[in-house]
Amino acid sequence: MKKFSHKDLLGMGQLSVDDIELILDTAESFKEISTRDIKKVPTLRGKSVVHFFYEPSTRTRTSFEMAAKRLSADTVSLSASGSSMVKGETLIDTARNLQAMNPDLIVLRHPSSGAPHLLAKEIKAGIINAGDGTNEHPTQALLDLFTIREKKGRIKGLKIAIIGDISHSRVARSNIIGLTKMGAEVTVSGPPTMIPVGIETLGVNVVCDPVEAVKKKDVVMLLRIQLERQSKVLFPGIREYASFFGLTGEMIKGAKNDVIVMHPGPMNRGVEISSEVADGPYSVILDQVTNGVAVRMALLYFLIGGYKK
């Protein structure tokens, strides 16, 4: 019987292949709960989860809240604007005050890379990284892995293209780590100014031409241009980006006949992806959202119920 022995989930690098498989297998069993008339089980009754989102979020925050409530955990949601941080309190002091209330788990999204790692060292409650700066977004990668395995039956040996703002994408980094660890062949593509120098050391191929990058791929994953994280303009304009790197119906014809198209959201229709593709037969974007609840249920179960100090 496999065991999950982590107190926190801070990044994909800490997870072994066995850890990932255990999370995905457990998420598969939890997914059925969301199809019931009464979408709730008593698994985490009496446990408490704090959702602390320093950045705006729709899918991730709602997904975590839904996951906790379906497992019967008590939840509290905080944002930076609604906390004492607007009065000058530091992140660590805020977290220590939350710890004094004895929560079992804190789900943290923060604009500073490494913030969840800092808190994990300072407080006893488990920490889930829900996105830290441009570093990682491990739960998004896990739900993407789950969706790929669900649709393709496997991950090992698949050819996957990730296209877009690689440099600023925590989703890209977590997916690259997870996908390569599980045996997929990953190609990244985007404007040269958005491809990190030396990214090949992570075990990926770099193909600047997106048409070539998409050819013969099993999975194509699009990324949003993250203007809010760019300190300078890295491409001529949105129209130019859409013309060269936006995934169109014509471009996707170069992929395998059973290709799936993914996007972590929020989508910029007509920029990184056309509506024809986003709403077309290859798209599994809404499946990703559905699967996010099941994967986060599995993580809450392991980090609150499955981890023994």
Side-chain angles (χ1 to χ4, degrees), residues 10-15 20 55 109-118 129-142 144-145 148 155 158-247 251 254-255 261-268 271-273:
L10 305 177
M12 292 298 292
Q14 76 182 79
L15 300 178
I20 293 172
E55 290 183 315
R109 169 168 287 192
H110 200 277
S112 297
S113 298
H117 300 72
L118 179 64
N129 180 2
D132 62 327
T134 59
N135 182 36
E136 279 211 53
H137 194 349
T139 64
Q140 179 67 47
L142 288 166
D144 290 343
L145 291 173
I148 291 169
I155 298 173
L158 293 180
K159 295 184 177 181
I160 298 173
I162 303 176
I163 302 173
D165 187 357
I166 308 296
S167 290
H168 299 93
S169 176
R170 53 199 177 200
V171 172
R173 187 165 288 102
S174 287
N175 264 303
I176 287 169
I177 296 169
L179 288 167
T180 54
K181 188 173 289 190
M182 298 302 289
E185 180 184 316
V186 181
T187 298
V188 299
S189 181
T193 51
M194 293 181 174
I195 304 292
V197 175
I199 194 172
E200 295 90 346
T201 60
L202 294 179
V204 302
N205 304 310
V206 178
V207 177
C208 289
D209 182 353
V211 175
E212 289 299 317
V214 166
K215 283 185 178 178
K216 304 300 181 183
K217 294 299 186 292
D218 298 286
V219 181
V220 177
M221 185 181 299
L222 288 311
L223 301 172
R224 180 177 64 87
I225 299 173
Q226 302 195 37
L227 296 173
E228 73 276 12
R229 301 191 188 282
Q230 296 178 17
S231 58
K232 57 183 178 180
V233 178
L234 298 177
F235 57 97
I238 296 295
R239 182 177 297 177
E240 287 77 8
Y241 182 92
S243 297
F244 287 99
F245 293 97
L247 186 67
M251 191 188 300
V261 175
M262 309 179 75
H263 195 304
M267 285 189 296
N268 291 311
V271 181
E272 66 263 12
I273 186 170

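What you see below is based on every heavy atom in this structure, not just the backbone, and it leaves out hydrogens, waters and symmetry mates.
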Determine whether [X] and [Y] make a side-chain contact, defined as any pair of heavy atoms from C-beta on separated by less than 4.5 Å.
X	Y	value
Met194	Ile225	yes
Met12	Arg173	no
Ser167	Thr134	no
Arg170	Asn135	no
Leu179	Ile148	yes
Asp132	His117	yes
Leu223	Pro264	yes

Say you draw a straight line from [atom1] of [X] to [atom2] of [Y]; how long is it, rounded to the nearest 0.5 Å?
X	Y	atom1	atom2	value
Ile163	His263	CD1	NE2	11.0 Å
Glu212	Met251	CD	CE	11.0 Å
Ile176	Ile160	CD1	CD1	11.0 Å
Asn268	Glu272	CG	CD	4.5 Å
Leu222	Ser169	CG	OG	11.5 Å
Lys181	Ile20	NZ	CD1	5.5 Å

If I compare all heavy atoms of [X] with all of [Y], which pair ends up nearest, and what's the gap?
X	Y	result
Pro191	Phe245	N-CZ, 3.4 Å
His137	Ala130	CE1-O, 3.5 Å
Met262	Asp144	CE-O, 3.7 Å

[Y] backbone acceptor or donor facing [X] side chain under 3.5 Å:
X	Y	value
Thr180	Ile177	yes
Ser174	Glu136	no
Lys217	Thr187	no
Asp165	Arg224	no

Would you tabulate the side-chain donor-acceptor contacts of residues 199-211 under 3.5 Å, counting partners in other chains and residues two or more places apart, or write 'none'?
residue: Thr201; atom: OG1; partner: Gly198; partner atom: O; Å: 2.7
residue: Asp209; atom: OD1; partner: Val211; partner atom: N; Å: 3.0

Tell me whether Lys159 at atom NZ has more than 12 heavy atoms from other residues, nucleotides or ligands lying less than 6.0 Å away. no
